[in-house]
Amino acid sequence: MRISRRELLVSMFARAVAQDATFSADVKIVNLFATVRDRNSHFVKDLTKDDFEVQEDGRPQTIRYFSRETDLPLTLGLLVDTSRSQRRVLEPERRASYTFLEKMLRPEKDLAFVMSFDIRVRKLTGLTSDKPTLTAALDALKIPVLASTLLFDAVKEGSEQTMRKQKGRKAFIMLSDGGDVRSRTRIGTAIEYAQRADTAIYCILFTERSRDFRGRRILRRLSSETGGGYYEVSDDQPIEKVYDLIQEELRSQYSLGYTPDRADGAAYRKIGLTVKQKDLTARTRDGYYR
């Protein structure tokens with residue numbers, strides 16, 4: 001069963017009380033999901049609240065609740081580039097996606113949907129945990145005759161129409177070469193929609209064009225500004241291995257929360273999360289809209 005917003009807040013409040021923090025029922029809580037890596041890029045999973053420091057617009061904040069649990073429901077959106085530039089990689093993407101969703105989704109807890117983008121954006125299934133339904137959606141992926149890649153439009157539509165309505169942990173898995181052709185949405189606007197929906201973007205660069213620097217820049221920006229991750233498929237790191245890395249990352253998150261020390265100021269608040277140990281690096285979203 002999915003955890004409701006009320007149940008999630010009650011759980012958060014209970015943790016906060018146990019840590020001698022006091023809340024009112026209508027207080028603003030900023031939720032962060034973060035991963036920490038050491039200098040060898042290994043996930044660090046044994047930190048405590050006291051190991052972290054949070055700033056908002058440069059102002060130190062008090063972490064009110066903290067957990068290393070990864071049991072919260074997860075909502076996944078699989079955004080697949082089906083433009084003509086992907087025609088040689090679509091089949092391995094499809095096969096690896098079957099396995100990823102089979103491993104990642106927990107029945108009665110996690111949900112996923114599949115969306116494709118090329119000359120248009122198509123949502124191939126609504127949110128579901130039903131594996132046959134998701135398999136059928138992946139089977140329906142196909143390359144159109146005409147050329148166009150509405151990548152930024154897909155991020156906007158998936159964020160606004162689906163993710164913004166969901167609670168808990170949310171992430172897009174985007175398979176693409178990073179090219180955008182004819183989107184009405186600009187990259188900055190697409191990122192804003194994802195941030196407003198509290199959705200991290202995990203980008204997988206899968207392309208035959210080894211020197212596609214622009215695509216890399218686009219996918220890196222989408223992932224870094226939303227608190228997700230960026231991966232490249234290569235001979236040494238096939239798509240199956242990339243999916244394993246993303247699965248590990250999504251199961252290695254810390255959950256942190258704080259109440260902002262001021263209610264006024266800009267609509268967009270910049271977040272800075274650091275770990276006191278200098279050889280460790282924390283990653284979370286760049287900010288939020290109040």
Using atom types as modelled and distance alone, determine if a side-chain donor or acceptor of [X] lies under 3.5 Å from a backbone N or O of [Y].
X	Y	result
R87	P144	no
Y254	F52	no
D51	V275	no
K49	F66	no
Q61	R59	yes
T226	I201	yes
R251	M104	yes

Under the salt bridge (charged side-chain N to carboxylate O under 4.0 Å, His left out) test, which residues partner [X], sequence neighbours left out?
X	value
E53	none
D244	K103
R84	none
K45	none

Which distance, rounded to the nearest 0.5 Å, do you find between the [atom1] of [X] and the [atom2] of [Y]?
X	Y	atom1	atom2	answer
E248	L245	CD	CG	6.5 Å
E232	L205	CD	CG	5.0 Å
F152	I187	CZ	CD1	4.0 Å
L141	S97	CG	OG	7.5 Å
Q253	L32	CD	CG	11.0 Å
Q166	L76	CD	CG	11.5 Å

Is any side-chain heavy atom of [X] less than 4.5 Å from a side-chain heavy atom of [Y]?
X	Y	answer
M174	L219	yes
F172	C203	no
Y98	L134	no
R95	T99	no
E157	T162	no
V54	T274	no
L150	R182	yes
P260	K28	yes

Nearest heavy atoms of [X] and [Y], plus distance in Å:
X	Y	result
P60	D261	O-OD2, 4.3 Å
R94	A140	NH1-N, 4.3 Å
D110	L74	OD1-N, 2.9 Å
D50	K276	O-NZ, 2.8 Å
L151	S176	CD1-OG, 3.5 Å
L111	S129	CD2-N, 3.8 Å

Whether over 12 other heavy atoms sit under 6.0 Å from R262 CZ: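 Counting neighbours around CZ of R262, more than 12 heavy atoms of other residues, nucleotides or ligands fall under 6.0 Å, so yes.
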
Looking at N40, I'd like to know if its CG atom is crowded, meaning that more than 12 non-hydrogen atoms belonging to other residues, nucleotides or ligands lie closer than 6.0 Å. yes

Enumerate the residue pairs fulfilling salt bridge (Lys or Arg N to Asp or Glu O under 4.0 Å) with a member in residues 111-138, sequence neighbours excluded, ordered by first and then second residue. E102-K131, D118-R122

Could you tell me if the ring centre of Y65 sits under 6.0 Å from that of Y258?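 No, they do not, as the ring centres are separated by 6.0 Å or more.
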
Each residue besides [X] in its hydrophobic cluster should be listed here, by chain and number; the cluster joins Ile, Leu, Val, Met, Phe, Trp and Tyr at side-chain heavy-atom distances under 4.5 Å.
X	value
L146	I119
Y193	none
F43	none

Full working for side-chain contact (heavy atoms from CB on, under 4.5 Å) between V30 and I271: CA-CA 10 Å; V30 179; I271 294 173; 4.1 Å; yes

Can you check side-chain contact (heavy atoms from CB on, under 4.5 Å) on S255 and N31, steps first, answer last? CA-CA 7 Å; S255 177; N31 304 308; over 6 Å; no

Restricting to ring pair (Phe, Tyr, Trp, His ring centres under 6.0 Å), what partner residues turn up for Y202, sequence neighbours left out?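 So Y202 forms no ring pair (Phe, Tyr, Trp, His ring centres under 6.0 Å) with any residue.
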
Using the side chain to side chain donor-acceptor pair (under 3.5 Å) rule, collect all pairs that involve residues 281-290, keeping only residues at least two apart or in two chains.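 Residue pairs passing side chain to side chain donor-acceptor pair (under 3.5 Å), neighbours aside: E56-Y288, D198-R285, E249-R283.
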
Applying side chain to side chain donor-acceptor pair (under 3.5 Å), which residue pairs with at least one partner in residues 141-150 are found, sequence neighbours left out?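 Sorted result for residues 141-150: S83-T149.
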
Among I143, L175, D81, find the one that has a side chain to side chain contact (heavy atoms under 4.5 Å, CB included) with L90.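 That would be I143.
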
Taking the basic N atoms (NZ, or NE/NH1/NH2) and the acidic carboxylate oxygens, is any pair closer than 4.0 Å for R196 and E192? yes

Taking NZ, NE, NH1 and NH2 as the nitrogens, is one of them in K156 or D180 under 4.0 Å from a carboxylate oxygen of the other? no

What residues form a side-chain hydrogen bond (donor to acceptor under 3.5 Å, both in side chains) with T185, not counting sequence neighbours? D153

Show the numbers, then the answer: is there a side-chain contact (heavy atoms from CB on, under 4.5 Å) between F100 and I173? CA-CA 11 Å; F100 173 72; I173 310 295; 4.2 Å; yes

Would L222 and I191 count as a side-chain contact (heavy atoms from CB on, under 4.5 Å) if you check the C-alpha gap in whole Å, the side-chain angles of each, and the deciding distance to 0.1 Å? CA-CA 6 Å; L222 288 169; I191 290 170; 3.7 Å; yes

Test item: side-chain donor near acceptor, S223 and Y231, under 3.5 Å: no

Less than 3.5 Å apart, any donor N or O on the side chain of D177 or S85 sitting next to an acceptor on the other? yes

